[in-house]
A.B. asks: 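Have a look at this one.
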Number of protein chains: 2
Amino acid sequence: MARAGLTADRVTLTGAELADEVGLDHVTMSAVARRLGVKDASLYAHVRNLEDLRGRIALLAADEKTIRIAEATAGRAGKDALVAYANAYRDYAHEHPGRYTATQIPMHIDPELLAQAPGPRRAIELTYSMLRAYRLDEPDLTDAVRMMRSMLHGFINLEAAGGFAHARPVEDSWARCLDALHTLLQNWHEHREGDPA
Amino acid sequence: MARAGLTADRVTLTGAELADEVGLDHVTMSAVARRLGVKDASLYAHVRNLEDLRGRIALLAADEKTIRIAEATAGRAGKDALVAYANAYRDYAHEHPGRYTATQIPMHIDPELLAQAPGPRRAIELTYSMLRAYRLDEPDLTDAVRMMRSMLHGFINLEAAGGFAHARPVEDSWARCLDALHTLLQNWHEHREGDPA
DNA sequence: AGTTTCTTCCTAATGACTCTAGGAAAGAGG
DNA sequence: CCTCTTTCCTAGAGTCATTAGGAAGAAACT
């Protein structure tokens, strides 16, 4: 019997490919095994169970996305960097819808596995260091990071879910939102609480 | 044999309760049937299949959420209305995590069913009419609506997914984001494209 | 009341999926 | 060549979704 040469990474990658093709919730152990030309049971030597596999796909996606963003923002600053960051984020989600979906499910990921993965930590560092160009101090910096992540994540999410039904092209709204985000970050310290409408 | 008195609405409601308790992806036909004291197959008289049930839960949630928002914003204007809107949105998501999850999956809902449900349409009307207080014209209005929805949706999503690990209290960041959103809407027309960092 | 008809719920069955346990065989190191 | 570990398989139990067809309650008609 020829060995298939399975590893946890190969199983994860196959799962990720499948997720992009048919959607994350059609990624089953059976389907992954089928694609690898292997019986279902064989996968359990490399991956604890389906949930674990999903977690690994999420981690893989986080790593890949972070690398993309790092490459895109390298050598840029200010609005340039912001736009590059946001577009890299969105492009990744478009190219890998299944992987992206995996990143946004409430993660009950194996903590040990998570500690090894550089993606999530790296992503946060990247974001903070990019926003530092806007000269924000804590706790403003954290608030700004959260706001930015919310906006990007939410936009991409709604777009993917078909939430933007209006005739206005999504591209245009996206560009406009980035403009707005930039100005917002520039003037972050100005709009403190208070001042009702 | 005592009849259980099933209807599509009762099945949907049971599914929604289950979703809030154990998470949307643990809502199975079997589980719903068990809770209703009925055999799995009986449900298929009222609901086409599992996907249809999920869609109905999503629609139910949309309706409920819209009603909450409408109540919260009634009689308010400007920033007051914005904050009420956002908090009603977020509170609903916190109280009904399963239902909320249902609203954000890529919906392939029965179009006929969707046409009957007032929720989604009503939600959009509400949002537009609230933002009209900021005196925006198309296409700015649509862009602003999209931005606002993205931010709220994204924030709540990340929060639910445990994406805010930093020490800074989420409540504070939330308040700050609403402040920022308000100022942003007030000055929307000012930050057009161009002006690099 | 008796009959018809519709709806509601059941039994039965199929096929897909997850996951466990125990065995065989391939490759590595001695 | 022998032993050990890893890799993969066979077998099997349990859950789930879904369909088909039947029985029993309810309501409407005679």
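A, B, ... follow the sequence lines: proteins, then strands. Residue 1 opens every chain.
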A.B. asks: What verdict does the salt bridge (Lys or Arg N to Asp or Glu O under 4.0 Å) test give for D52(A) and R56(A), after you've listed the backbone C-alpha separation in whole Å, the side-chain angles of each residue and the deciding distance to 0.1 Å?
C.D. replies: CA-CA 6 Å; D52(A) 180 43; R56(A) 285 167 189 269; 3.1 Å; yes

A.B. asks: Side chain of A41(B): nearest nucleotide among dA20(D), dC9(C), dC9(D)?
C.D. replies: dA20(D)

A.B. asks: What does the list of N/O pairs under 3.5 Å between the protein and nucleotides 14-18 of chain C look like, with a distance for each?
C.D. replies:
| residue | atom | partner | partner atom | Å |
| --- | --- | --- | --- | --- |
| dC17(C) | OP2 | R34(A) | NH1 | 3.3 |
| dT18(C) | OP1 | M29(A) | N | 3.0 |
| dT18(C) | OP2 | M29(A) | N | 3.0 |
| dT18(C) | OP2 | S30(A) | N | 2.9 |
| dT18(C) | OP2 | S30(A) | OG | 2.9 |

A.B. asks: Is the phosphate of dC9(D), meaning OP1 or OP2, less than 4.0 Å from a side-chain N or O of S42(A)?
C.D. replies: yes

A.B. asks: Output, in order, the C-alpha distance, side-chain angles, deciding distance and verdict of salt bridge (Lys or Arg N to Asp or Glu O under 4.0 Å) for D63(A) and R122(A).
C.D. replies: CA-CA 8 Å; D63(A) 287 352; R122(A) 189 82 203 293; over 6 Å; no

A.B. asks: Heavy atoms only: give me the nearest W188(B)-A180(A) pair and the separation to one decimal.
C.D. replies: CZ3-CB, 3.9 Å

A.B. asks: Using only side-chain N and O atoms of H46(A), determine if any of them is under 4.0 Å from OP1 or OP2 of dT6(D).
C.D. replies: no

A.B. asks: Can you tell me the distance, in whole Å, between the CG atom of D25(B) and the P atom of dT15(D)?
C.D. replies: 19 Å

A.B. asks: Closer than 4.0 angstrom, basic N to acidic O: yes or no for R176(B) and D140(A)?
C.D. replies: yes

A.B. asks: Figure out the CG/C1' separation between L53(B) and dC16(D), and round it to whole Å.
C.D. replies: 14 Å

A.B. asks: Which atom pair, heavy atoms only, marks the closest approach of L24(A) to R54(A)?
C.D. replies: O-NH1, 3.8 Å

A.B. asks: Could you check how far CG of D52(A) sits from C1' of dC19(C), rounded to whole Å?
C.D. replies: 13 Å

A.B. asks: Which pair of heavy atoms, one from A62(B) and one from T103(B), lies closest together, and at what distance?
C.D. replies: N-CG2, 4.2 Å

A.B. asks: Grab the NE2-P distance between H26(A) and dA17(D) for me, whole Å please.
C.D. replies: 13 Å

